[in-house]
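For clarity, every value in this text was computed on a predicted model and none was experimentally measured.
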Amino acid sequence: LLIAGLGIWQTGSAAWIHAKARLAQALLENAWEKTLAGDTAARPWPWADTWPVARLSVPRLHIEQMVLAGASGRTLAFGPGWMRSSKLPGESGSSVIAAHRDTHFAFLQHLQPNDVIKVETLQGPVTYRVTQSLVADSEKQQMFLPFFTTKDVDKGTGLGLSVVHG
């Protein structure tokens, strides 16, 4: 009986994580609409310490998610987070967006070369195309450093989608 109870508890906990992620995205969508209307730091709920900065979509996979300011653990519990040490999507240089691999970025395993990733920002839409997929060690790779880019200065933008394990 105890083992069955623990099993039910674990299943309920896992379901809660996914339900919270979906509810948060609906509240964030509402805050994004307010942001587009001029409220540049519209909080999705009164105690939130983050706000939407972009909408990320992958048309082929029917994915659409709000991207939050910052990438703290608290922020990533509710959606993908823009790493503030990187450029905003669409700015010259590289932008890094992080999310948990088991929830918001579970779709990354299905991305294929040439897939289109669209990011809507306050400055307008930006379109990226998947060119590669790689595993990068954040302790050894420079892609997480501010202003890192593989492109010449003022010669385009890049987008890194980073998964968080744990």
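Summarising the geometry of Pro52 relative to Ala42, their closest heavy-atom pair is CD-O, 3.4 Å, with the distance given to 0.1 Å. Contact between Asp49 and Arg43 at its shortest, heavy atoms only, is C-NH1, 3.9 Å. In this structure, Ala99 and Pro80 approach most closely via the heavy-atom pair CB-CA, 3.8 Å. Shown here for Met83 and Ser86, the closest heavy-atom pair between the two residues is O-OG, 2.7 Å.
In this structure, the side chain of Ser95 engages the main chain of Lys87 through a donor-acceptor pair within 3.5 Å. Between the side chain of Thr50 and the backbone N or O of Ala69, at least one donor-acceptor pair lies under 3.5 Å. No donor-acceptor distance shorter than 3.5 angstrom exists from the side chain of Tyr128 to the backbone of Pro89, with no hydrogens or angles considered. Counting only distance, with no hydrogens or angles, the side chain of Thr75 and the backbone of Ala71 share no donor-acceptor pair below 3.5 Å. Judged purely by atom type and a 3.5 angstrom limit, Ser57 has no side-chain atom pairing as donor or acceptor with the backbone of Glu64.
In this structure, Leu122 is a member of the same hydrophobic cluster as Met66, with clusters built from ILVMFWY side-chain heavy atoms closer than 4.5 Å. Cluster annotation: Leu68 and Leu76 are assigned to distinct hydrophobic clusters (Ile/Leu/Val/Met/Phe/Trp/Tyr, side-chain heavy-atom contacts under 4.5 Å, transitive). Hydrophobic clustering keeps Val67 apart from Phe78 (ILVMFWY residues linked when any side-chain heavy atoms are closer than 4.5 Å, directly or through intermediates). Under the 4.5 Å side-chain contact rule for hydrophobic residues, Val116 and Val58 do not share a cluster. In the hydrophobic clustering of this structure, Val126 does not group with Trp32; members are Ile, Leu, Val, Met, Phe, Trp, Tyr whose side-chain heavy atoms approach within less than 4.5 Å, directly or through other members.
Going from atom OG1 of Thr35 over to atom CD of Glu120 covers 10.5 Å, rounded to the nearest 0.5 Å. Atom-to-atom distance recorded for Leu88:CG and Arg84:CZ is 10.0 Å, nearest 0.5 angstrom.
By the salt bridge (Lys or Arg N to Asp or Glu O under 4.0 Å) test, Arg60 pairs with Asp115, sequence neighbours left out. Listed by chain and residue number, Thr121 satisfy the side chain to side chain contact (heavy atoms under 4.5 Å, CB included) test with Gln123 (two or more places apart in sequence, or in another chain).
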Run the side chain to side chain contact (heavy atoms under 4.5 Å, CB included) test on Leu61 and Leu111 for me, step by step, so that the C-alpha distance in whole Å, both residues' side-chain angles and the decisive distance to 0.1 Å come before the verdict.
CA-CA 8 Å; Leu61 299 176; Leu111 282 180; 4.0 Å; yes

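Side-chain contact between Ile117 and Val130 is present, with at least one heavy-atom pair separated by less than 4.5 Å.
Salt bridge status for Glu33 with Arg55: present, with a side-chain N to carboxylate O gap under 4.0 Å.
Using cut-offs of 30° and 60° for the angle between ring planes, the Phe105 and Phe107 rings count as perpendicular.
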